[in-house]
Protein chains: 2
Amino acid sequence: MTARKSVPATEPLATTPERILQAAERLFSERGIDGVSLREITTAAGVNSASAHYHFGSKNAVLETLFSLRASPIIERREAMLSALQLDRLGRPVLEDVLMAFLQPALELLNTPHGATFTLLRARMVLESGDVKHQVLARTFDRTNEKTLKLLAKALPKLPTKDLYWRFHFMLGTMVYTMAQPGRIESVTKDKIKTSDTQAALEQLIRYTAAGFRAP
Amino acid sequence: MTARKSVPATEPLATTPERILQAAERLFSERGIDGVSLREITTAAGVNSASAHYHFGSKNAVLETLFSLRASPIIERREAMLSALQLDRLGRPVLEDVLMAFLQPALELLNTPHGATFTLLRARMVLESGDVKHQVLARTFDRTNEKTLKLLAKALPKLPTKDLYWRFHFMLGTMVYTMAQPGRIESVTKDKIKTSDTQAALEQLIRYTAAGFRAP
DNA sequence: GTCTATACAGTGATAGAC
DNA sequence: GTCTATCACTGTATAGAC
């Protein structure tokens, strides 16, 4: 009836794939990934249940699309911060600055409306087996990871490459685990600390990780 | 026909719940958790599909039972190693010894036949939301975690409690992530290091974590 | 090309017969 | 206690309307 291409009323009107992704994101954040069926998503989006398969191919493909969509801001912000790093006269960055450039864009996502769902999706991609999911992760993150590794190597010129890789792996672990907010430490300490405090998490994480990277 | 209570032939004969758990563990390790249905499990176990619900209540309850079953050896070994720690004349253990007592029992599980499934289950429990799963984790690990935290506090008398908690949380992250073998570092470094090398992982992990705990 | 209606095999769960 | 029958629901596939 009304114009369909220009002037998208307020918000609810959008292309079908977009509506599906929006509905999926909202429902996932409310009830987890397994707790939501494709039919619920398409119903909430106001589209037919088969259209999800037409546009995406499968439920998993919907998850992967949503993941890639929400990952790109992190990547872009990381790239920007990495490029803006101050270097000394030997071209070396400060370790803490590199860590900040890598970790802050990820951790800050927790304060956004998209954060919860993205973290769920990421944790699933990372920790569930399956070649497809690992390929998605590789396509998404490998380039920035390599860039970060090169900068870390410059910041730590005396560290053997092998140790550097191990420690980068460990850092990824703390990051993913912290973002997933498993609530373990809250349970043990009876809520005396809150890992959902992003600012504190970032400060603590950088101090801890920097010391780990500098270990003998 | 033959005796049913005593003398369990070779192995395949066992109580129905045990057979279900055995079949579940084998199938999960082969094809992941979501890739296996309760019907497949009960069929492989040679029992009726309804018996799983009769004995356990739900598919999730089967997972939780299996998780608790495989977690207890880790807990016991941890307790034993923690109790056997050498203390100095002030009653203080060496940081690296505490970390070894905590991490070794977990990481060594990766070399056992049960390891793969347990790690899958643990990752799911930790990262999926849901009060029930968190309760299972708390019931399983909280006591040993508290014991470990006390020993860490003794090994690091000058570290503020808050920082100690944060760093313990970070250590849990590296441990869970490393055990889950997400293959990220292998992807970035084209298999130049293998996080599946348990011995190397343990050495690297302890050096890295000890430095993190000792950070200023 | 996009969307709809409909159908299918397989899922976890349950009530009730044996 | 165990098994059969059946439930509502899932992800997926396809034929055909616009």
Side-chain angles (χ1 to χ4, degrees), chain A residues 1-6 8 12-25 27-28 30-67 120-121 124-125 128-130 132-133 136, chain B residues 1-5 8 12-25 27-28 30-67 120-121 124-125 128 130 132-133 136:
Chain A
M1 301 298 178
T2 53
R4 196 166 131 246
K5 289 176 73 174
S6 53
L13 272 178
T15 79
T16 300
E18 280 171 356
R19 305 192 60 178
I20 292 172
L21 290 172
Q22 282 172 12
E25 181 163 54
L27 290 172
F28 286 154
E30 288 168 5
R31 296 195 267 124
I33 295 175
D34 288 325
V36 182
S37 69
L38 252 185
R39 277 173 171 83
E40 293 180 89
I41 293 171
T42 50
T43 302
V47 303
N48 188 275
S49 68
S51 67
H53 285 99
Y54 173 73
H55 287 287
F56 296 97
S58 73
K59 180 179 183 180
N60 249 319
V62 176
L63 304 191
E64 286 163 17
T65 307
L66 190 54
F67 170 79
L120 272 181
L121 290 171
R124 170 153 304 208
M125 298 262 175
E128 213 105 331
S129 51
V132 192
K133 289 166 188 170
V136 175
Chain B
M1 301 298 180
T2 52
R4 198 164 129 245
K5 290 176 70 172
L13 274 177
T15 78
T16 300
E18 280 170 355
R19 305 193 59 178
I20 292 172
L21 289 173
Q22 283 171 10
E25 181 163 53
L27 290 172
F28 286 154
E30 288 168 5
R31 296 195 268 125
I33 294 175
D34 289 324
V36 182
S37 70
L38 255 184
R39 279 174 171 83
E40 292 180 90
I41 293 171
T42 50
T43 302
V47 304
N48 188 275
S49 67
S51 68
H53 286 100
Y54 173 76
H55 287 290
F56 295 97
S58 71
K59 180 180 183 179
N60 248 319
V62 176
L63 304 190
E64 287 163 17
T65 307
L66 189 54
F67 171 79
L120 272 181
L121 290 171
R124 172 153 303 208
M125 298 263 174
E128 212 103 333
V132 191
K133 287 166 189 170
V136 174

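Order of the sequence lines fixes the chain letters, A, B, ..., with proteins taken first and strands second; residue numbering starts at 1 for each chain.
For the pair A:V132/A:N60, no side-chain contact is recorded, criterion being any heavy-atom separation below 4.5 Å from C-beta on. For the pair A:E30 and A:V36, the minimum side-chain heavy-atom distance is 4.5 Å or more.
Rounded to an integer number of Å, the gap from B:F56 CZ to C:dG12 P is 14 Å. Straight-line distance from the CG atom of A:N60 to the P atom of D:dT10: 17 Å, rounded to whole Å. As rounded to whole Å, 13 Å separates atom C1' of C:dT4 from atom CD1 of A:I20. Put simply, CD1 on A:I33 is 13 Å from P on D:dG11, counting in whole angstrom units.
When the nearest nucleotides of DNA chain C are assigned to A:H55 and A:S49 by heavy-atom distance, the more 5′-ward of the two goes with A:H55. When each of A:L38 and B:N48 is assigned the nucleotide of DNA chain D with its nearest heavy atom, B:N48 is the one assigned upstream, toward the 5' end.
Put simply, B:H53 has no side-chain N or O that comes within less than 4.0 Å of OP1 or OP2 on C:dT14. Dashed line: the shortest gap from a side-chain N or O of A:S37 to OP1 or OP2 of D:dT10 is under 4.0 Å. At C:dG12, none of the side-chain N or O atoms of B:S58 fall inside 4.0 Å of OP1 or OP2 (strictly under the cut-off).
The backbone N or O of B:R39 sits less than 3.5 Å from a side-chain atom of B:T43, completing a donor-acceptor pair.
For A:R39 and D:dG11, a side-chain-to-base donor-acceptor distance below 3.5 Å is present, hydrogens and geometry of angles not being considered.
In the set C:dA13, D:dT4, C:dT4, the nucleotide with an atom closest to the side chain of A:A50 is C:dT4. Nearest to the side chain of A:Y54, among C:dG1, C:dT14, D:dG11, sits C:dG1.
The existence of a salt bridge linking B:E64 and B:K133 is excluded, since no basic side-chain nitrogen approaches an acidic carboxylate oxygen closer than 4.0 Å.
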